[in-house]
Amino acid sequence: MTTAESGIPVQAAPVKSAVRTVLLLEHFAARPGLHSLADIQNDLSLPKSSLYMLLRTLVNLGWVETDATGTRYGIGVRALLVGSSYIDGDEVVAAARPTLDRLSDDTTETIHLARLDGTSVVYLATRQSQHYLRPFTRVGRRLPVHSTALGKALLATHTDQEVRGLLPRRLEAVTEHTLTDREQLIDELALVREQGYAMDREENTLGLRCFGVAVPYRTPARDAVSCSVPVARLTGEHEQLIKAALFEARDRLSVVTRRM
């Protein structure tokens with residue numbers, strides 16, 4: 001869009017209904033399950049009548065689902081189709097698959113590929129541990145950037161000033177081990193830059209330690225790879241193997257993603 005006089009691009013005003021639709025879908029994505037109209041209205045502070053009409057429209061289109069009573073709402077199957085198409089069409093995810101498979105074989109532990117999105121990391125691909133664990137998947141899941149090895153590895157590719165601009169002074173405590181002081185986190189990021197990898201010491205999940213490296217095909221990096229291992233199974237020898245395997249995976253990914 002341009003002005004008639006100057007031809008200078010002018011930012012289009014946001015379309016209110018589109019903004020509300022995105023807010024609603026993101027609200028559901030962050031809160032699994034079904035929710036009442038009153039709860040949704042309270043969380044989003046939208047006019048109740050407008051919210052109801054928006055919900056009914058999205059139900060009819062398959063983006064929102066409702067229970068048998070028609071009074072509780074949650075994310076619909078159409079959102080899954082869109083999310084899957086993002087993963088399926090992403091060049092980095094496709095290029096990383098052989099490397100993630102090899103990293104999984106080399107370490108026998110759980111492997112994640114994730115992308116920075118604001119103050120969160122979003123999981124794009126997962127390889128489950130070869131040891132017996134409760135089955136789960138994290139593809140599409142968002143976690144705080146400051147409490148994960150993936151997030152720390154990505155933050156370390158930014159300047160301290162950029163990190164201060166991104167994160168508040170006080171950070172959410174996900175577990176009792178999470179760093180909640182931004183300046184302490186920034187001090188740790190200096191060590192991450194020096195050693196080339198980041199660690200999550202039960203800061204996101206109790207009993208689990210994670211190691212992460214950024215994939216440097218962009219500066220600052222937007223993607224990272226991690227390996228998670230239960231503390232009870234982590235020996236000094238196994239830790240060294242994991243770090244070496246992550247460095248090797250990072251170097252392979254640097255080559256295959258160089259032109260992306």
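- Two residues are said to be in side-chain contact when any heavy atoms from C-beta on lie closer than 4.5 Å; Leu54 and Arg20 meet this criterion.
- Taking both residues in full, the closest heavy atoms of Asp160 and Arg193 are given as OD1-NH2, 3.1 Å, listed atom of the first, atom of the second, then distance.
- A salt bridge links Asp117 and Arg142; the closest N-O separation between the charged side-chain nitrogens and carboxylate oxygens is under 4.0 Å.
- Surrounding CZ of Arg169 are at most 12 heavy atoms belonging to other residues, nucleotides or ligands under 6.0 Å away.
- Considering only heavy atoms from C-beta on, Leu167 comes within 4.5 Å of Val145 through its side chain.
- A donor-acceptor contact closer than 3.5 angstrom is absent between the side chains of Thr178 and Thr180.
- For the side-chain contact (heavy atoms from CB on, under 4.5 Å) with Phe211, the lone residue among Thr107, Leu234, Val225 that qualifies is Leu234.
- Arg127 and Glu109 are not joined by a salt bridge, as no carboxylate oxygen comes within less than 4.0 angstrom of a charged side-chain nitrogen.
- One side chain, Asp223 or Tyr217, offers a donor N or O that lies under 3.5 Å from an acceptor on the other.
- Judged purely by distance below 3.5 Å, without hydrogens or angles, the side chains of Glu203 and His146 never pair a donor atom with an acceptor atom.
- Closest approach of Gln195 to Phe247, counting heavy atoms only: O-CZ, 3.6 Å.
- Using a 4.0 Å cut-off between charged nitrogen and carboxylate oxygen, Arg31 and Asp39 do not count as a salt-bridge pair.
- One finds no salt bridge joining Glu65 and Arg72 here, because no Lys/Arg side-chain nitrogen approaches an Asp/Glu carboxylate oxygen to under 4.0 Å.
- Tyr52 OH: 12 or fewer foreign heavy atoms inside a 6.0 Å radius.
- Ring centers of His112 and Tyr123: under 6.0 Å apart, within the cut-off.
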